[in-house]
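Accompanying notes for the structure given below.
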Amino acid sequence: MDLSPLRSSRDFRLLFGSGLIGMFGSFLSMIVLPLQMKDLTGDYIAVGLMALAEFVPMVVCGLWGGAIADALDRRTIVLWTEVGLMVSIGALLVNALLPDPQIWVLYTMGAITAGLGSLQRPSLESLMPQVVPHDQLAAAAAISSFRWNLGAIVSPALAGVIFAVYGAATAYAVNIATYLISLALLWMIRARPPAEDTAPASIKTMIEGVRYAVGRKDLMGTYLVDIAAMIFAFSTALYPFIADHFGGPQTTGLLMSASAVGSLIASVTSGWTGRVHRHGLGVIIAATVWGVAVVLAALMPSLWLLLACLALAGAADMISGIFRATIWNQTIPNELRGRLAGIELLSYMTGPMLGNARAGFMASSLGGWRVSLGAGGALCVLAVVALAAKLPTFRTYDARTDEHALREKARRTAAQTVKA
């Protein structure tokens, strides 16, 4: 893995450290919330509906988060939303300590957490091109993915054990502690105020961002292919029920970690991605492999074979994510980066949320988790192939000749020369 962004950028090192600590805690809550809901209700649909409860605030706050990321100091936005996330986890902790935890609190705090995270993410994502040299953006995307997957491997396994042995309250308490450490690191990042002539955040500026995205078919390809792949093949809402089939709550962590192990291997060995220039085609191939791996997972008779298939799916998803992030970071102007990061957030969060809801309803109506998992993977492959055929600009994208990539490289090189 190319580590040059960590060596060359102090602020990127701080972002990496904050993200590593924060991701560790966030995964604890991410795993424990559906486990707690399943424990309280025992219902497929109740667990799947958690994703729908998070959907509306994610959409609204994601778009608004992108607008304010271009209009305000991105570091300030990240700090205040981090505080809000810590408070929302505190509410889940209080609820977990009650003799009779309330289901509505899980839905409400899940929605609030989704909203705050969506406000924060565009500012975090749009900081990347500001703290990392243009030619190191692919390496930075791989390093960020490595960080995410390291937390995704350790945290789910611990979460399943912590929930089974100590309960939900302990997991939420650990999450609060990680937010405190993350805040300390974020505080040390340099301020990133917008340009003096930047327009204030408004509905108009949000629409400008949407128009820019729609006008670029290569960007639309990154969004649509990922949304389709996730809606049809993302199925973590099924994991508590798959875990019951293979041994109990502790197995839930293994299921979540399996995908992350594959993703981690892909990110650690990602040096080759820097030599790839046909990023659109790379996304299409990776999304197809993701769907095939999910189909195979549904057919596996043993836990370890199923985990191996999930690891393959995770590796494919990671490669897709690296190529998508490279297109975004190398071609989008800084003055639009926040708003487009908000749209990107919708693309990679909408799919998993709706995918979990789909998985829950299909499992409930079609006869269990295997049917839901296998049918979803097959539909994913069909959808990706159809989109590839309909989006030739995305399929043929080449960073060496793309006008947007060449223009942004020239602008950023000139800006670095002036600064020097």
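Since the model is a prediction, treat every value here as computed from it, not as a measurement.
Taking CG of Leu296 as the reference point, atom CG of Leu373 lies at 10.0 Å (rounded to 0.5 Å). Between atom CG of residue Leu306 and atom CG of residue Leu299 there is a gap of 10.0 Å, rounded to the nearest 0.5 Å. Distance check: His277 NE2 to Thr326 OG1 gives 11.5 Å after rounding to the nearest 0.5 Å. Within the model, atoms CG of Leu305 and CE of Met300 stand 6.0 Å from one another, a figure rounded to the nearest 0.5 Å. From Leu15, atom CG reaches atom CG of Leu185 across 9.5 Å, with rounding to the nearest 0.5 Å. Taking OG from Ser18 and CD1 from Ile181, the interatomic distance works out to 10.5 Å, rounded to the nearest 0.5 Å.
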Got a list of side-chain donor-acceptor pairs under 3.5 Å for residues 279-288, not counting sequence neighbours?
unit_1	atom_1	unit_2	atom_2	d
His279	NE2	Val276	O	2.9
Thr288	OG1	Ile284	O	2.9

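Looking at Tyr212 and Leu219, their side chains come closer than 4.5 Å, going by heavy atoms from C-beta outward. Between Tyr397 and Thr331 the shortest side-chain heavy-atom distance falls below 4.5 Å. Between Leu354 and Phe232 the shortest side-chain heavy-atom distance does not fall below 4.5 Å. Between Met220 and Phe394, the closest side-chain pair of non-hydrogen atoms is not below 4.5 Å. In this structure, Met230 and Asp317 have side chains that are in contact, with non-hydrogen atoms separated by less than 4.5 Å. Looking only at side-chain heavy atoms (C-beta outward), Asp11 and Leu127 stay at 4.5 Å or farther from each other. Residues Pro333 and His404 have side chains not in contact (no heavy-atom distance under 4.5 Å, counting atoms from C-beta outward).
Look at Lys409 and Glu403 and you find no salt bridge, because none of the NZ, NE, NH1 or NH2 atoms lies under 4.0 Å from a carboxylate O. Taking 4.0 Å as the cut-off between side-chain N and carboxylate O, Arg216 and Asp218 count as a salt-bridged pair. Salt bridge present: Lys38 and Asp244 bring a charged side-chain N and a carboxylate O closer than 4.0 Å.
Listed for the Asp70 side chain is a donor-acceptor partner under 3.5 Å among the backbone atoms of Arg339. In terms of modelled atom types and a separation under 3.5 Å, the side chain of Ser320 and the main chain of Ala316 share no donor-acceptor contact. Checked by atom type and distance alone, the side chain of Gln120 pairs as donor or acceptor with a backbone atom of Val78 at under 3.5 Å. At least one donor-acceptor pair under 3.5 Å links the side chain of Ser144 to the backbone N or O of Ala140. No side-chain donor-acceptor contact under 3.5 Å links Ser182 to the backbone of Thr178. The closest donor-acceptor contact from the side chain of Thr273 to the backbone of Ser270 lies under 3.5 Å. For the pair Arg74 (side chain) and Ala69 (backbone), a donor-acceptor distance under 3.5 Å is present. The backbone N or O of Pro122 lies less than 3.5 Å from a partner atom in the side chain of Ser126, making a donor-acceptor pair. Remark: the backbone N or O of Gly110 is not paired with any side-chain donor or acceptor of Thr113 at under 3.5 angstrom.
Closest approach of Ser263 and Gly314 over heavy atoms only: OG-O, 2.7 Å. Here the closest non-hydrogen pair linking Ala258 and Leu310 is CB-CB, 3.9 Å. In this structure, Phe246 and Leu303 approach most closely via the heavy-atom pair CE2-N, 3.5 Å. Of all heavy-atom pairs spanning Leu119 and Trp64, the tightest one is CD2-CD1, 4.0 Å. Closest non-hydrogen pair, Arg147 versus Gly19, comes out as CD-C, 3.3 Å. Closest heavy-atom contact between Ala111 and Pro57: O-CG, 3.4 Å.
Applying the ring pair (Phe, Tyr, Trp, His ring centres under 6.0 Å) criterion to Phe241, with sequence neighbours excluded, gives Tyr44. Contacts of Arg324 classified as salt bridge (Lys or Arg N to Asp or Glu O under 4.0 Å), with partners at least two apart in sequence or in another chain: Asp226. Residues satisfying the side chain to side chain contact (heavy atoms under 4.5 Å, CB included) test with Ile112, not counting sequence neighbours, are Ser88, Thr108, Met109, Leu116. Partners of Arg278 under the salt bridge (Lys or Arg N to Asp or Glu O under 4.0 Å) rule, at least two apart in sequence or in another chain, do not exist in this structure. For Ile227, the side chain to side chain contact (heavy atoms under 4.5 Å, CB included) partners are Ile231, Ser347, not counting sequence neighbours. By the salt bridge (Lys or Arg N to Asp or Glu O under 4.0 Å) test, Arg7 is found to be paired with no residue, residues two or more places apart in sequence or in another chain being considered. For Arg337, the side-chain hydrogen bond (donor to acceptor under 3.5 Å, both in side chains) partners two or more places apart in sequence, or in a different chain, are Asn329, Glu344. Not counting sequence neighbours, Glu82 has no partner by the salt bridge (Lys or Arg N to Asp or Glu O under 4.0 Å) test. Under the side chain to side chain contact (heavy atoms under 4.5 Å, CB included) criterion, Ala313 pairs with Trp290, Ala293, Val294, not counting sequence neighbours.
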Practice task
Go through Leu183 and Met86 one step at a time and tell me if the side chain to side chain contact (heavy atoms under 4.5 Å, CB included) criterion holds.
Solution key: CA-CA 10 Å; Leu183 276 167; Met86 184 172 62; 4.1 Å; yes

Handout entry: Stepwise side chain to side chain donor-acceptor pair (under 3.5 Å) test for Arg121 and Thr81
Key = CA-CA 9 Å; Arg121 188 61 67 84; Thr81 49; over 6 Å; no

Handout entry: side chain to side chain contact (heavy atoms under 4.5 Å, CB included) evaluation trace for Leu186 with Leu14
Key = CA-CA 7 Å; Leu186 290 170; Leu14 291 170; over 6 Å; no

Practice task
Applying side chain to side chain contact (heavy atoms under 4.5 Å, CB included), run through Ser372 and Leu366 and close with a yes or a no.
Solution key: CA-CA 7 Å; Ser372 178; Leu366 297 181; over 6 Å; no

Exercise for the section: Decide side chain to side chain contact (heavy atoms under 4.5 Å, CB included) for Trp328 and Leu340; before the verdict, give the C-alpha distance in whole Å, the side-chain angles of both, and the deciding distance to 0.1 Å. Expected result: CA-CA 8 Å; Trp328 299 335; Leu340 272 293; over 6 Å; no

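Here side chain to side chain donor-acceptor pair (under 3.5 Å) pairs that include residues 298-308, with residues two or more places apart or in two chains, number zero. Pairs engaging residues 74-93 under the ring pair (Phe, Tyr, Trp, His ring centres under 6.0 Å) rule: none recorded [sequence neighbours left out].
Inspection of the Thr236 and Asn356 side chains reveals an N or O donor paired with an N or O acceptor under 3.5 Å. Inspection of the Ser123 and Arg75 side chains reveals no N or O donor paired with an N or O acceptor under 3.5 Å.
Evaluated for a side-chain contact (heavy atoms from CB on, under 4.5 Å) with Asn175, the options Ile89, Leu85, Val32, Leu93 yield exactly one hit, Ile89.
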